[in-house]
Each structure stands twice: as C-alpha cells, then as structure tokens.
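Encoded as structure tokens, the structure appears first; notes follow it.
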Amino acid sequence: MATLAAEPHDAPGAGLFPDLQPAPGRLEFAVRLTAICTLTALINEIYALPEIALSVYIAFFLNKADRVGSLIQNVAVIVLMSLLVGILFVLANLVLDQPFRLVICMAAVSLLVLFVATASKLDILAGVLALIVAYGLDVLGQAPLGELATRALLYAWLCAFVPCAVSVVVNLLAAPAPRSLVQRELARRMRLAAAMLTESNDTIRHDLAETLREGDAELLKLLKFAALERTSPAADIAALRCAAGSTVALLTLVQMADQEPVASLPAPVAAPIGRALTAAAEVFARGDYPTGVEIRLEPGTCDELSAGSVAIADGLADVVATFAEPMPEPSEGLPKHEGGFFKPDAFSNPAYQRGAIKTTAAAMFCYLFYQLLDWPGIHTCMITCYIVALGTTADTIQKMQLRIAGCLIGAAVGLAAMIFLIPDIVSVASLLAVVVVCLLPAAWVAAGRERIAYAGYQIAFAFVLCVLQGSGPSFDMTVARDRVIGILIGNLVVLAVTVTIWPVSVGGRIDAGIRRGLGLLRSLAGPEAKRRALAEAQRSIGSIVNDLELIDCEPSTVRPADTWISSRKATVEQMSLLCGPLLLTASGPVAHRLEALANGADVALVTKPNGASPFAAIIDARLRRIEAECRAERTAASGDTHYAVQ
C-alpha cells in the first residue's frame, strides 16, 4: 500500500467551546435534522394540526446519524403508536365525560407504558411513547362528544406519525449508510493516533481520551445495521468489526507511549508509524480497509530503545499489520448479551417499577395542577415530566439543567423572532424560513456529544413553542409565556419527586461498573482475545468516568461521601492506566489478583506479574493501589455509603 503524505491536522476540540467544534458529519446531520423538522412544521401548518411544536420536537428524538437506525426507530414508533392509539379508542367509552375515570386511566396507561418501555429494549423510546399516550388521553378528556374524541385521538396519532413519516422519507433520500459512518470514524481514529505520535498536545490528548471512553460499541452497532441493510459483503462487515476493536488497541498503545516514560517513542520511531497510520486512514476514507500494512523503520533505529519502548513499537506494528484480520473470540470472561424483549432483571429490579411510579406521579400532579387552575396554557409541564425523568437522581438533574438552559435560550430566540421578524411575515413560506434559520443552530448542538445534545433539543422545542402556535404566524406573547412557565414548573416538580421519593444515586451503578471493569481487565490479562477484552474494558471504564462526573449533580442528601468518591476516582484512574500494560502482558498471577478484586475478596498472597515483562513493575504498582483502595473501603462502616443501588 502506498504511503500518502500526511495532511495538516487540526487539533480536535480546539477553542473555548470544544463540544461545539465542527466534527465529521456533524453539519450533514444538523442540516438533515433541520429539514425534517421544517417539513414536519410545514405539514402541520398546511393541515392545521394542533401541537405543532410537540410534533417537531419528537423528530429530534427519532433520528440518528445513519439511515438504518433512524428508519428502524421511526417505523417502530409508527407501529407502537398505532397499537397504543387503538387501545385508547377502546378506553374512550370508559373515560368520555368521566373526569375521575380519565385521571385513573391516564395514570394506569402511563405506568404500564413506562414500565414496559424502560424494562425492555424500547427504553430509548419510553419517554416519547408515554408522552404521546398521556397527550392523547389529555385531549380525549377535553372532547365531550364521541366524534370530537375520535378526532382528538387522530390528532394524537398524527402528532407522532407526521414526524416519523417525514423522517423515513428524508432518511431514505439523504441519510448516510451505516458502513460509511463506520469508515469515517475509523479514519478519524487513525489520524488521531498519528497526530498523538507526531504532534501531541493537550487538545489531542483530550480527544483521544474521549474516544477511548466510547470504545467500539457504537461502531459495532452501526456495523450490525450495515449487515441488516445487506449493501456490503459479509466479509467486509467482519473485517470492519475487527478494525473497530483494533482502533481501541491502537489508541490505547499510543496513549501509553505518551503517559509512561519507559514506553515513550522517539521521533525516528514515531514518525514512520504515524505515516503508516495516516496512509491507513486514507484507505478507510476511500471506503475500503487496509490489510497487511507494514511499518518500515530505518536500520538501527531501535538499538537504543528501552525494553518498554520496543514492546510498544512491536505492539503497534502487530496491531497495524493485523488491523482487519479476525481475532479469536474469548472463551470466557466477557459479558454475555442475552436476547429477549425484556431485560434480564426486568421483573426482579424494583428500579423499573419505581421509575414508572415517580414519573407518573409527577405528570399526574402537573395535569391536576393546571386543570384545577384552569390554566391549559402551561400543559407543557406534564410533557416535561416525561422528557426529563430518568433512572437516577444525577441523570435527571443533569438533563434538567440542560433543559432549563436550552429552554431559556430557545425562548429568548423565539421571543426575539416574534418581536422583530414575525410582524413582517405574510406567508407560511416566510415563517418557515425563520424556522430554518433558528433551528439549524439548535440542530448543530443536538448533533454533538451526548452531554450537550439535549440542550439542542430544548432550544428547538422552546423556540417552536413560541413561534409555531397555529396555522400561520402568531403574535401572542401570552401563549409563549405560558408554555415556558409550564416547562419550568415541570422541571421543579420532577426535581422534587426525584430527590424525595426513592432517590437513586448513581453510586450503585459506579460500584457495579468497577466490579465489571475489573472482571474485564482479568480477561485482558489472559493470553487470548485481548483486543476484544480491551474494547469492552475501555467502554466499561468510560461509563464509570461518565458516572463519576455525573455524581457531582446529586444533592448532598443522595450523593455518597467525598471520601467514597475520591476512592472510586483513584481506582478507576489506575484501571485505565492498566489497560495498555495488560494488552502487552499475559500473566496468570495478575489475572488471579484481578479476579479476587472483581469478586470483592482479599488476595491471600500478593504475587507479582511475570518478571520477563518490561511493564511488570508498572502493573504491580497499579494493582497495589487498587488493592489498597479496596481494603480501605472494606474497612469503612457500611452505613457510610447511603446511596440506593439501582
């Protein structure tokens, strides 16, 4: 394979707002999302459908970067909503003109839908499904006659069907194939590894750490979609699946070369490896995948290197040479992904039932609140409850913060448009032009990383709530005010319920994640299937790091003690630093120590790894630190950790 000249590399994440920086495919996704939302608004305007803003908002939840994932999600919602609305037709005779029965029915359906969705493979759609059902029952309660009730349910179905139908058409025409997204990401990772070797700086280190947090889970999901699409040969899918795991190994070794002085690579060694990685990236960018890549070093280049540096160079050469070749599957140690519609703990874990009860309680309180006040303009408070509520207190509060920030920004933009732009608008086309201009930045934010994406959803939602109030331009500031007030009330109600009723700290998830991560590191210490075990371990460690960042959102009544948090951060840091050395070392004693740690047992005899490994001392030091943290935790009083395990 010909070596291509390295292109200038723009450090990823540069600037004051790294999460808002351009990324491959981000503009394309933002434009496509804006087009779907605009077409949804146009159809709603033409046919004078109610709740235009809610219909537009649903489109944000139902679209992914690739076409297959988007199509599956949209078709699933159409089918599920048709079934649910059919059930509501049956219930209509029971609740029509019966307020008490209506409230009971709303609560029962909400509980059932939320439980089934969160405890099954539909968990990503739980909020959307419950929201639409609750909205359907709400409008059903406002219809005193059978004919009006039928029309109300039809509107509830159209509220979800229109964005789904538009999304299906636009994604079929414009969305990229999942394989192309995989190859684009693999090319980015190869360039990132090359940049880390040749021009490392803090922004590149940050981007590499963020990428390792993700592991290869999203790439494997896209490849599964690519296999379903049947537009690529099975051999290509298998090769790209191996390449996804190989990029995790590659980035881990490159990070280790930067972090460990005993494994550093001098420029005469790093430069040829960087050129080979850049050339491989170009192959991915062209839609192919590299095979048999060789790294050629000048004679005598490695003569003065330490044993650790030689091991890193050999490891990188091995990964690159076998980048897309099938690796042996592990015989044990890695988690088994069980099939079935429901999750394995669906009926044994009380968190699913409690979550459904808490969300329904918050929504029903908001419903009764605006009904008793006869203030239907703030009905967005009930909708907010289904959107904001999540399994843990930290998740809910973080999402709430993004929602409030996005709501205020979107409302400000919407009010500004109502004051300065809408008075001059005389047609629906002009109104949609304003919608496009204002929704594109929101879609740009929504197309970013998960930690800020939700703010983009809320900017769009608050904006369309203000601007799209009916079939044409609107100037009613009261409607905009009431809807924003409803959002804020809903957030406050969810906060109160989350903190006071069965509060769940993310701490339980962190401890479970650490045990799982140590088990994966134990597999990594074995002689086989190291790349597969490494990818799983990096993803597991990334999830724990995300949860440790989330835990700061929890109030002191729910959050574990600071010493508990510090201990977990230290443990996870050492686990992360172990990944590189373990990838290059196979040691039975190390596997024994990690297995004991994963099972919560004391190591009877502290045994060192194989002395032949240049990283034996590093591994032993990391393990001693983890063992010390675990012993300190076991000696602490059990009552000190007052979190609820989810």
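Both backbone and side-chain heavy atoms feed into the values below; hydrogens, waters and symmetry mates do not. Numbers here are sequence positions counted from 1.
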**OP:** Please determine, by modelled atom types, if Glu629 and Ser567 share a side-chain donor-acceptor pair under 3.5 angstrom.
**Re:** yes
Subject >> Arg568 with Asp511: basic N within carboxylate O range, under 4.0 Å >> reply: yes
Subject >> Gln73 side-chain N/O to Phe61 backbone N/O, donor-acceptor pair under 3.5 Å >> reply: yes
**OP:** Indicate yes or no for a side-chain donor-acceptor contact from Ser70 to the backbone of Asn63 under 3.5 Å, with no hydrogens or angles considered.
**Re:** no
Original post:
For Glu282 and Arg191, what are the C-alpha separation, side-chain angles and deciding distance, and is it a salt bridge (charged side-chain N to carboxylate O under 4.0 Å, His left out)?
Top reply: CA-CA 9 Å; Glu282 295 298 334; Arg191 294 190 183 103; 3.7 Å; yes
Original post:
So which of Met400, Lys399, Gln401 actually passes side-chain contact (heavy atoms from CB on, under 4.5 Å) with Tyr454?
Top reply: Lys399
Subject >> Residue pair Thr322 / Arg531, side-chain donor-acceptor N/O under 3.5 Å >> reply: yes
Original post:
Without hydrogens or angle criteria, can the side chains of Thr211 and Arg188 be said to hold a donor-acceptor pair below 3.5 Å?
Top reply: yes
**OP:** Would you please say whether a donor-acceptor pair under 3.5 Å links the side chains of Asn546 and Arg213?
**Re:** yes
Original post:
Could you go step by step and tell me if Arg205 and Asp258 meet the salt bridge (charged side-chain N to carboxylate O under 4.0 Å, His left out) rule?
Top reply: CA-CA 9 Å; Arg205 292 186 183 96; Asp258 181 69; 2.7 Å; yes
**OP:** Look at Glu214 together with Arg539 and state whether they make a salt bridge at an N to O cut-off of under 4.0 Å.
**Re:** no
Subject >> salt_bridge(Glu573, Arg625) N-O dist < 4.0 Å >> reply: no
Original post:
Between Arg189 and Glu185, does at least one N-O distance fall below 4.0 Å, as a salt bridge requires?
Top reply: yes
Subject >> Tyr289-Phe284 aromatic ring centre distance below 6.0 Å >> reply: no
Original post:
Looking at Lys569 and Asp562, does any basic side-chain N land under 4.0 Å from a carboxylate oxygen?
Top reply: no
Original post:
Looking at Ile312 and Ala263, what are the two nearest heavy atoms and their distance?
Top reply: CG1-CB, 3.5 Å
**OP:** Go through the side-chain N and O atoms of Ser540 and Ser543 and say whether any donor and acceptor fall under 3.5 Å apart.
**Re:** no
**OP:** Mind running side chain to side chain donor-acceptor pair (under 3.5 Å) on Thr392 and Asp395 for me, showing each step along the way?
**Re:** CA-CA 5 Å; Thr392 68; Asp395 289 315; 2.6 Å; yes
Subject >> Backbone N/O of Leu305 and side chain of Ser309: donor-acceptor pair under 3.5 Å >> reply: no
Original post:
Would you call Arg179 and Asp66 a salt bridge, taking side-chain N to carboxylate O under 4.0 Å as the test?
Top reply: no
Original post:
Between the side chains of Ser505 and Glu554, is a donor N or O closer than 3.5 angstrom to an acceptor N or O?
Top reply: yes
**OP:** Quick one: closest heavy-atom pair of Leu277 and Leu197, and the distance?
**Re:** CD1-CD1, 3.9 Å
**OP:** State, to 0.1 Å, how close Ala462 and Cys407 come at their nearest heavy-atom pair, and which atoms those are.
**Re:** CB-O, 3.4 Å
Original post:
What closest approach, in Å, do Asn74 and Leu62 show between heavy atoms, and which atom pair accounts for it?
Top reply: ND2-O, 2.9 Å
Subject >> Closest approach of Gly308 to Pro614 (non-hydrogen atoms, all atoms of both residues) >> reply: N-CB, 3.9 Å
Original post:
At their closest point, which heavy atom of Leu253 faces which heavy atom of Gly580, and how far apart are they?
Top reply: CD2-O, 4.4 Å
